[in-house]
Each structure stands twice: as C-alpha cells, then as structure tokens.
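Written below as structure tokens is the structure these notes are about.
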2 protein chains.
Amino acid sequence: MSVAAITTLVPVVRWQPDARGRLERAALELYAERGFDATTVAGIAERAGLTERTFFRHFADKREVLFGGSPVLQERLVAGLAAAPPSAGPLAAVGAALATIPETLPEERRAGAAQRQAVIDATPELRERELAKFAALTAAMAQGLRERGVGEPTASLAAEAGAAVFRVAFGRWIGGDARDLGTLLAASLAELRGVAADG
Amino acid sequence: MSVAAITTLVPVVRWQPDARGRLERAALELYAERGFDATTVAGIAERAGLTERTFFRHFADKREVLFGGSPVLQERLVAGLAAAPPSAGPLAAVGAALATIPETLPEERRAGAAQRQAVIDATPELRERELAKFAALTAAMAQGLRERGVGEPTASLAAEAGAAVFRVAFGRWIGGDARDLGTLLAASLAELRGVAADG
DNA sequence: ATGGTGATGGCAGCGGCTGACATCAAGTCG
DNA sequence: CGACTTGATGTCAGCCGCTGCCATCACCAT
C-alpha cells in the first residue's frame, strides 16, 4: 500500500471547507427537526463534523448561528443609502436601499428563509435575538441617513418606516406571495406612503 | 430563659416578607456594583437572604429580575386605552393611556429608574430583553386599539408612535429633565404630532 | 388534634460557554 | 529546500445558569 493510498484513507486535506456554513446548516436542520431547546450545541457540531468548541469560535452563542446573514444585509443597506442620489428624500433613499435586498435574498433562498423564520417564530429566545438584530439594522439606517444630512427625528422615523416596510414585505414573501421580493418591497413602501398621506 | 426568648433568637416568623422585592433590590445593587456578568445568581440570593433555587422560583432567568414592573405597566396602559372616551381618535387614546404612567412611575422612583436604566444600557443581554418587553408592550397597545375598533395598520402605527413617545419622554426623565414624567410625556406627544404634521 | 397548603431549602445533574494548551497542514522566507 | 510562522481545529477542565425532585415546616382550616 502506497503512502498516497494511506493519506487518502485519512482526509486528504486537514479540514473540510466552509466549517461555518456547515454549522449553520446543521443548526437550522436540528432546530427544525427537534426544536431549539431540545438541540444541543454538541449535537450541531457533531452533525457538522466538528466539535462544540469550534462552534463557539464561529458563533458567540447558540442563537447567533441563525443570524449570520445579518451583517451582510446591514452593509448592503447602508451602502444602498450612501449610493442613493443626493437629491433623493429620506424615504426615497430608504427605498433605494431596500431595493438592494433581493441581491442578498434571491428567489432561490425563499424556502430556506421561510424555514428559518418558522424556527425563529417558534422560539422566544430566537425572537428576542431577532428583535435585537432589527434594532441594530434600524439604528444603522438612521445613522446612514444622518450622514446624508437628514436631521432628527426625521432620520429615525424614516429608518423605522423602512424597517416596517421590510418586515411586511418579508412576511409576505415567506408567506407564499407569488410576487418576488423586490416587487413586494416596492409595493409595501407604496402602501406605507399611502397610509402616511391619509389621516 | 423562657421559650419566648428562645424563639426570638431564631426568626420569629419563618420567612422575612417580600422575598421577591428583596431579590430585585439585591440584583440591581450587584449589577450596578460589579456588572451583570460578574454577578452570580447565588450572590444575589445570598444578599437577599435566600437561595439560588428560590430566585428561579420568582424569576424565569437572571435578566427577568430587572423587569418585574413590566406586566404592571402593560396592564395600566391597556386599561388606560379602554378607559379613553370612545370619541377619542387612536393617538388621543394612546395619549390618555400614557398619561396613566406617572401613577406607576412617580417622581420618587426617578433615581431608581435611572440606575436601573444605566445597568441595562451597559449590558447587551439586558438591552435585548428590554427590546422584547417593549415589543410586548407595543403589541398589547395595538391589540387594545383594535378592540376600540381601530383598523390596521393604523392600530399598529399608533401603538409604535406611543412607544416612541414613551421612550423619548422616559429618556428625558431619567436624563435629569426638571419636568415631571407626565409633563414630559405630554410634551413628547405634542412634538410627535408636530413632526407628523410637517413633511 | 389532624391534615392540607405554600414558600422555601438541599441536592444532583445537564448544558451553555470560556480559558489554556496542544496539534498540524499550509504558507513564508531565507 | 528546510526552518519558522500562522491559523483553524481538537482536548480538557471548570464555572455558572437553570431544572427536577424531594424534604421541611409554619400557617390555616376543619
């Protein structure tokens, strides 16, 4: 038996790629199968072919593993705000930022997003974390608006409005609305404008 | 030595009163002195003259001990909504509900509220819990408005507006604004109305 | 007296999370 | 080409949050 054959029996490369992604997928599967409370971090790591200690090197805690996409989304939104034409008003700039979201959440990810949301909705601890992520997102957008020269409280209000639009559109998207996310975002924003124009 | 004297050496009553309140005070003190993370539940219980096990009979977890007043506040707000005259519009009803808050948070509690808020602001885990409590409060107010016949999305928007007003007024109150909480709430609500009337 | 009730204590144990140290493939540089 | 560094992972010990289970015992009703 050659040396090459031996080294092939044992992993050729020391570590399989994308440890973080494997942990995220394993966690979502287990949370969906058994529930969040009945899932142990050791169990997640085992399914991912890793150890518990490694899990905590990638994620701060057992909840955070479901929110790995949050920083990406936040960066995109802030970048979208900065890229909006200077002439655009606060809500128009927010709309431009929201319009970049489908790049992060294309149609292929709809089913996965829905599964993830079902898990979150079923677990108080995860809903709490989701609120915190939303608050951070809203604060970042308010900051981005201020950097465009928007004053307070307009910046905070517009950011809150943007968050509300996202919530509504995202809920429709994972709820099975046939329209794509970009269309839903635009429609929800238009509805908000309609409501604001009334009473 | 009489039997009466002996029973006085050892506690006359089996348990000191207000175990829950003692735990709340001990926790706030320790969180303020050493920080949330450096405080153990066993330490809180010890300062309160109880055991760790008893702490968890009164509070679901280490964070919840700072939010014992939340259900009371929520009940008052919902009751205030229900008590507002039927002719009052959504935001006026919310204003009437907010006006009942100073009964729960009178001037004497300002210093304690400020200390508590400083601890919360210094601890991510506690800020997360605070967000959850606020969300619950907002949902309860939206529900109360719906029971007054207010439709969606007006009910949710008015509830969010009420929460924003409370946040602003409360922040000013614990920030040392000389006006009392009732005045601050009314002023903040008036400012919101002003903003809404503009662009 | 007798027995029920409710708040608390004591104890064992799981699991989340952390610090410290070891391992070892792959890259870097002389 | 060999020594040295780097970085992702493994291993282990240990604290602490949190829970289930059973015991205790003042108080209260009958």
Side-chain angles (χ1 to χ4, degrees), chain A residues 3-4 6-24 26-28 30-31 33-68 119 123-126 128-129 132, chain B residues 3-4 6-24 26-28 30-31 33-68 119 123-126 128-129 132:
Chain A
V3 171
I6 291 176
T7 56
T8 305
L9 285 179
V10 186
V12 177
V13 287
R14 183 155 180 197
W15 296 295
Q16 295 303 314
D18 195 22
R20 188 183 172 91
R22 272 150 51 214
L23 286 168
E24 288 176 342
L28 178 56
L30 288 173
Y31 293 170
E33 287 172 16
R34 316 177 186 168
F36 180 83
D37 291 334
T39 301
T40 68
V41 172
I44 297 169
E46 188 186 359
R47 181 169 294 203
L50 295 165
T51 65
E52 186 184 17
R53 191 65 186 84
T54 297
F55 177 97
F56 286 109
R57 286 202 181 89
H58 285 278
F59 303 100
D61 59 48
K62 192 184 168 188
R63 305 168 208 173
E64 199 67 14
V65 68
L66 284 191
F67 297 89
V119 169
T123 316
E125 297 175 68
L126 292 173
E128 205 170 324
R129 178 57 52 84
Chain B
V3 171
I6 290 176
T7 55
T8 305
L9 285 180
V10 185
V12 178
V13 287
R14 180 151 180 201
W15 296 294
Q16 296 304 314
D18 195 21
R20 188 183 172 91
R22 272 152 51 214
L23 286 168
E24 288 176 341
L28 179 56
L30 288 173
Y31 292 169
E33 287 173 16
R34 315 177 185 168
F36 180 84
D37 291 335
T39 302
T40 67
V41 173
I44 298 170
E46 188 188 359
R47 181 169 294 203
L50 294 165
T51 64
E52 186 183 15
R53 190 67 187 85
T54 298
F55 178 96
F56 286 109
R57 286 204 180 89
H58 285 278
F59 304 100
D61 59 50
K62 193 185 167 187
R63 305 168 206 172
E64 198 67 15
V65 68
L66 284 191
F67 298 88
V119 169
T123 316
E125 297 175 68
L126 292 172
E128 206 170 321
R129 178 58 49 85

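Note that these values count all heavy atoms, side chains included, but never hydrogens, waters or copies made by symmetry. Naming: A, B, ... by sequence-line order, numbering from 1 per chain. Predicted, not measured: the structure shown is a model, and the values here were computed from it.
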Donor-acceptor pair (no angle test) under 3.5 Å: A:Arg53 side chain, C:dG19 base: yes
Pairwise side-chain contact, B:Leu50 with B:Trp15, heavy-atom cut-off 4.5 Å (strictly under): no
Inspect the surroundings of CD in B:Glu64 and state if more than 12 heavy atoms from other residues, nucleotides or ligands are less than 6.0 Å away. yes
Measuring to OP1 and OP2 of D:dT9, would you say a side-chain N or O of A:Thr54 lies under 4.0 angstrom away? no
Assess whether one donor atom and one acceptor atom, taken from the side chain of B:Arg57 and the base of D:dT19, lie less than 3.5 Å apart. no
Could you check how far CD1 of A:Ile44 sits from P of C:dG15, rounded to whole Å? 13 Å
How long is the line joining CZ of B:Arg129 and C1' of D:dG17, in whole Å? 13 Å
Name the closest nucleotide to the B:Val13 side chain, picking from D:dC27, D:dG17, C:dG16. D:dC27
Would you tell me if any nitrogen or oxygen in the side chain of B:Thr51 comes within less than 4.0 Å of OP1 or OP2 on C:dT8? no
Atom pair distance, as rounded to whole Å: CG in A:Leu50 and C1' in D:dA8: 10 Å
To the nearest angstrom, how far is A:Leu30 atom CG from C:dG16 atom C1'? 16 Å
Can you tell me how far P of D:dA23 sits from CZ of B:Arg14, to the nearest Å? 15 Å
Report the C-alpha distance between B:His58 and B:Phe55 in whole Å, list the side-chain angles of each, state the deciding distance to 0.1 Å, and finish with yes or no for side chain to side chain contact (heavy atoms under 4.5 Å, CB included). CA-CA 5 Å; B:His58 285 278; B:Phe55 178 96; over 6 Å; no
To the nearest Å, how far apart are A:Arg20 CZ and D:dA8 P? 12 Å
With heavy-atom distances below 4.5 Å as the criterion, would you say the side chains of A:Asp61 and A:Arg129 are in contact? yes
Does a side-chain heavy-atom distance below 4.5 Å link A:Thr40 with A:Glu46? no
Quick one: is D:dT9 close enough that its OP1 or OP2 comes under 4.0 Å of any side-chain N or O from A:His58? yes
Could you give the CG-to-C1' distance, from B:Asp61 to C:dC17, as a whole number of Å? 16 Å
Phosphate contact (D:dC16 OP1 or OP2) by B:Thr40 side-chain N/O below 4.0 Å: no
Taken to the nearest whole Å, CD/A:Glu52 to C1'/C:dC14 is 12 Å
